[in-house]
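Accompanying notes for the structure given below.
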Amino acid sequence: MEIKELGEFGLIDRLTGDIQPQHSSTVLGIGDDCAILEMGSQQTLVTSDILLEGVHFNLEYVPLKHLGWKAIAVNISDIVAMGGVPSQVIVDLGISARFRVEDMEELYAGMKAACAHYDVDLVGGDTTASVNGLTIAITAIGHVTKGKAIRRSGAKKNDLICCTGNLGAAYMGLQLLERERQAGSSDAQSQAAFEGHEYILQRQLKPEARIDVIRDLRKAGIQPTAMMDISDGLSSELIHICQASHVGCDVYADKLPVDYDSAKMAEEMNLDIVTCALNGGEDYELLFTIDQKDYEKIIPVEDVHIIGYIQDEADGCNLVTREGNEIPLRAQGYVGM
Ligand code: ADP
Ligand code: MG
């Protein structure tokens with residue numbers, strides 16, 4: 001169905017008609033000029049991300065349903081990266097005439113699945129026609145106990161540097177998708193090339209916000225001194241934390257967590273897996289620092305790896321190679337397609 005058959009209001013109804021707020025902090029959801037939220041005595045966290053077709057995603061290989069999931073998940077990840085609990089999202093869309101009602105329903109199916117998974121309410125948005133392509137802007141809202149938000153600026157000398165999960169997998173997934181696109185592979189050829197690489201593809205197409213780690217850290221009684229999520233790549237995020245905290249760091253190449261399929265794919269593509277782990281983006285894992293006194297407490301926390309430690313600002317931000325050489329980290333901001 002063409003969107004103009006429904007019109008703006010018809011489309012909004014079609015996409016959002018079945019949305020029922022679940023959170024006690026959502027006093028009023030979709031349907032009025034504003035949503036009404038009530039966060040009690042907690043501090044409110046607000047973050048926004050914009051996704052442009054052709055810049056941040058390529059619909060030649062990204063299914064709309066996955067895109068919807070990812071758009072929500074990456075915003076939730078920002079709330080989580082402050083140690084917060086996400087509770088609401090707002091979705092703004094610019095839609096060109098090439099999209100049909102069914103396309104937008106696919107997008108919303110992914111967004112609704114993510115909202116259900118992360119237990120957040122979709123409480124509003126804006127919808128407009130655009131000249132070219134699809135634009136998705138999402139705002140996420142969450143809350144945190146007063147004074148407990150984990151900023152980038154709190155890392156201190158001798159803190160341990162930790163990261164969750166593994167790194168470089170989303171980047172390797174992107175390389176595989178791009179390789180098939182550039183080769184002009186048929187669906188059947190791509191399917192064959194993708195076989196056995198479901199993990200890295202999923203890491204690229206359907207990232208997870210590590211809300212589970214925030215819960216586990218809280219259970220373990222650990223309050224990280226600094227934290228952020230890894231969207232642009234480990235090097236770049238480490239440098240952000242160090243600059244904000246006025247410290248330096250050493251991270252160890254042989255401590256960087258890498259998944260087997262990522263390493264295999266890197267070898268196949270003649271890429272250095274350590275470079276991919278350092279500079280590949282979009283893993284949405286958490287990077288954080290903890291006080292040394294929390295060392296015993298962090299050991300049993302699942303899926304957390306200690307990769308280095310914080311030092312003086314004057315020592316700089318370095319990678320210690322397998323051979324024991326120190327090389328300065330470089331920020332290579334990552335531009336996903
Ligand atoms: P306004 O004229 O006040 O901007 P709209 O007609 O744009 O109101 O929106 C009507 C209601 O639908 C509002 O509650 C708004 O938040 C919601 N809404 C609009 N677009 C979207 C969307 N893409 N997703 C979710 N809710 C939306
Ligand atoms: Mg509007």
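Just so you know, ligand 1 is whichever comes first in the structure, and atom 1 is the first atom listed for that ligand. These numbers come from the heavy atoms of this one structure, side chains and all, not from hydrogens, waters or symmetry mates.
- When non-hydrogen atoms are compared, ligand 1 lies under 4.0 Å from the side chain of T16 (C-beta onward) but not from its backbone.
- Remark: ligand 1 atoms within the under-4.0 Å shell around heavy atoms of L122 are 25 (C).
- Looking only at distances, a side-chain donor or acceptor of H23 sits under 3.5 Å from a matching main-chain atom of D119.
- Taking H246 as the reference, nothing meets the ring pair (Phe, Tyr, Trp, His ring centres under 6.0 Å) condition, with sequence neighbours excluded.
- In this structure, of G29, G124, G125, G31, the residue bringing a heavy atom nearest to atom 14 (O) of ligand 1 is G31.
- Which parts of ligand 1 touch D33 is read off a 4.0 Å heavy-atom cut-off, strictly below it: atoms 3 (O).
- Ligand 1 has a nitrogen or oxygen under 3.5 angstrom from a nitrogen or oxygen of T127.
- Numbered from 1 in the order shown, with element, the atoms of ligand 1 that lie under 4.0 Å from a heavy atom of V91 read 22 (C), 23 (N), 24 (N).
- D121 and T26 share a side-chain donor-acceptor pair at under 3.5 Å.
- Annotation for ligand 1: atoms under 4.0 Å from non-hydrogen atoms of I30 are 12 (O), 14 (O), 17 (C), 25 (C), 26 (N).
- With hydrogens and angles disregarded, a donor-acceptor distance shorter than 3.5 Å links the side chain of D283 to the backbone of A170.
- No hydrogens or angles considered: nothing links the side chains of E285 and N166 as a donor-acceptor pair under 3.5 Å.
- Counting atoms of ligand 1 from 1 in the listed order, those under 4.0 Å from a heavy atom of F9 are 6 (O).
- Residues forming a side chain to side chain contact (heavy atoms under 4.5 Å, CB included) with I50 (at least two apart in sequence, or on another chain): L52, T135, A137.
- Checked by atom type, the side-chain pair Q88/S25 shows a donor-acceptor distance below 3.5 Å.
- Contacts between D126 and ligand 1 below 4.0 angstrom, taking non-hydrogen atoms only, involve backbone and side chain alike.
- Listed by number with element, the atoms of ligand 1 under 4.0 Å from a non-hydrogen atom of D32 are 13 (C), 14 (O).
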